[in-house]
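For reference, the structure is listed below as structure tokens.
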Amino acid sequence: MQTYGVIGDPVEHSLSPPMHRAAYEATGLDADYSRFHVNKGNVEEALRGAKALGLDGLNVTIPHKQAVAETDVVENTEKADEIGAVNTVDLNEMRAYNTDASGARRALEHHNVELDGKSVVIVGAGGAARAIAFEFAEHGTEVAVANRTQEKAFGLADEVSEVRDSEVTGHSLDEIDSLIEGADVLVNATSVGMEEDETPVPRDFLHSRLVVFDIVYTPRRTRLLKQAEEVGAKTVEGSWMLVYQGAEAFEIWTREDAPVEVMDDALKRKLR
Ligand code: ATR
């Protein structure tokens, strides 16, 4: 039997267990998936302990993604190193991955949104925005990052431009009107809209040529997504990123294709 889990603080509300267990059931894999509450400062010990106990893999959630990327206990992939954050660990290989980044890309691909040659505006410059900016810039996308604290947008844009050898620009939120006007895809990578009826982007800035992707998934239909739909834009719910980061973790651990629809169903049953 294989054993997997997620470490975090808090971790009690993680939706990964039902999602992965549904995948095990659908594929007939003899495996289980649990939540492990790990305090800050105990991350290295937790990884070593999990290895010693014979666990096969772990997901990593807030606030430990950076700490795992910084340990020597596991070896990061190049992408995890660049992003500076890890959300998936293969304990058999002691390799650490970032599947949040590819999860965001695959969420869009699932909705037939190609990134190559497209112009994308990312609102936010925190951890999630960082993973998405690195991933999209790698896939031929013209990326603009806009953030409330504009210095963080400039810093992220400079870093991604340098590493990816691409033109990524940083902006203040005051500029999003004109940025969105010429964009193909808008990504909300802030926490605005989570458990509150707010949006980081005024409705007037949205248009029907846009694809709007919100990484917030509680609620599933955020105010931003509802308003995007009202103006005729295509929308992609944040739960898809959660599904695909999990699907890719499943694939890394088992080397089999993930049952994506099953994982999505399991997740949607838990989400409003
Ligand atoms: P995560 O790792 O989930 O991305 P984070 O690193 O705390 O979380 O980043 C949160 C992002 O949401 C930041 O870009 C933050 O903007 P600041 O850098 O200016 O703090 C953004 N954010 C949070 N609340 C916001 C709000 N009310 N309006 C606009 N942006 C907001």
Side-chain angles (χ1 to χ4, degrees), residues 6-11 13-16 40 43 59-70 79-88 96-105 107 120-137 143-160 168-177 179-180 186-206 212-220 222-225 227-228 236-246:
V6 53
I7 60 169
D9 178 17
V11 75
H13 302 295
S14 168
L15 295 171
S16 290
K40 250 189 165 156
V43 166
N59 281 130
V60 181
T61 189
I62 288 166
H64 301 318
K65 293 184 185 190
Q66 285 81 13
V68 173
E70 284 163 14
K79 189 184 289 181
D81 243 353
E82 287 163 353
I83 298 170
V86 160
N87 76 315
T88 300
Y97 300 79
N98 186 305
T99 74
D100 288 328
S102 39
R105 174 176 49 77
V120 177
V121 177
I122 299 173
V123 184
R130 188 178 167 83
I132 294 170
F134 269 100
E135 180 74 13
F136 287 17
V143 176
V145 178
N147 194 48
R148 177 176 61 181
T149 311
Q150 63 177 20
E151 291 72 22
K152 277 167 72 179
F154 299 155
L156 176 58
D158 285 351
E159 205 181 329
V160 181
V168 178
T169 54
H171 306 267
S172 78
L173 275 187
D174 297 342
E175 296 168 62
I176 48 167
D177 186 1
L179 289 172
I180 291 173
L186 169 68
V187 180
N188 173 34
T190 73
S191 47
V192 179
M194 198 185 295
E195 313 289 358
E196 60 187 8
D197 194 20
E198 286 177 17
T199 172
V201 177
R203 186 183 189 276
D204 290 351
F205 296 178
L206 306 175
V212 179
F213 173 38
D214 198 336
I215 69 157
V216 171
Y217 56 85
T218 49
R220 269 173 61 196
T222 58
R223 176 185 265 244
L224 171 65
L225 291 184
Q227 293 185 338
V236 179
E237 293 178 359
S239 62
W240 284 104
M241 179 168 165
L242 196 58
V243 167
Y244 274 102
Q245 64 73 33

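Order of appearance sets the numbers: ligands from 1, and atoms from 1 within every ligand.
Taking any N or O of L173, backbone or side chain, none lies under 3.5 Å from an N or O belonging to ligand 1. Below 3.5 Å of separation, one finds an N or O of A125 facing an N or O of ligand 1.
A heavy-atom distance below 4.5 Å is found between the side chains of V187 and F136. With contacts defined as side-chain heavy-atom distances shorter than 4.5 Å, the pair Q227/L224 does not qualify. Counting heavy atoms from C-beta on, the side chains of I180 and V201 come closer than 4.5 Å. Between R105 and Y244 there is no side-chain heavy-atom pair separated by less than 4.5 Å. Counting heavy atoms from C-beta on, the side chains of V145 and T169 never come closer than 4.5 Å. Using a 4.5 Å cut-off on side-chain heavy atoms (C-beta onward), L173 and V123 make contact.
Not close to ligand 1: P200, with no non-hydrogen atom less than 4.0 angstrom away.
With ligand atoms numbered from 1 in the order given, ligand 1 contributes 1 (P), 2 (O), 4 (O) to contacts under 4.0 Å with heavy atoms of A128. Set against the non-hydrogen atoms of S191, the atoms of ligand 1 under 4.0 Å away are 12 (O), 23 (C). Proximity to G127 (heavy-atom distance under 4.0 Å) selects the following atoms of ligand 1: 1 (P), 2 (O), 4 (O), 6 (O). Atoms of ligand 1 lying under 4.0 Å from at least one heavy atom of G124, given by number and element, are 14 (O).
Crowding of Y217 atom OH: a count of heavy atoms from other residues, nucleotides or ligands under 6.0 Å not exceeding 12.
When heavy-atom distances to ligand 1 are checked against a 4.0 Å cut-off, V192 comes that close only through its side chain, counted from C-beta outward. By the criterion of a heavy-atom distance under 4.0 Å, both the backbone and the side chain of R148 are placed next to ligand 1.
The closest protein non-hydrogen atom to atom 19 (O) of ligand 1 is T149 OG1, 2.5 Å. Ranking the protein heavy atoms by distance from atom 14 (O) of ligand 1 puts N147 OD1, 2.7 Å first. Taking atom 11 (C) of ligand 1 as the reference point, the nearest protein heavy-atom neighbour is T190 CA, 4.1 Å. Summary of contacts: the protein heavy atom closest to atom 9 (O) of ligand 1 is G126 CA, 3.5 Å.
Side-chain contact, N59 with N87: no donor N or O sits under 3.5 Å from an acceptor N or O.
Taking a distance limit of 4.0 Å, we find that atom 31 (C) of ligand 1 is approached by some protein heavy atom. Within 4.0 Å of atom 16 (O) of ligand 1, at least one protein heavy atom is present.
The two residues A96 and A80 have their closest heavy-atom pair at O-CB, 3.8 Å.
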Step-by-step salt bridge (Lys or Arg N to Asp or Glu O under 4.0 Å) determination, E196 to R223: CA-CA 9 Å; E196 60 187 8; R223 176 185 265 244; over 6 Å; no
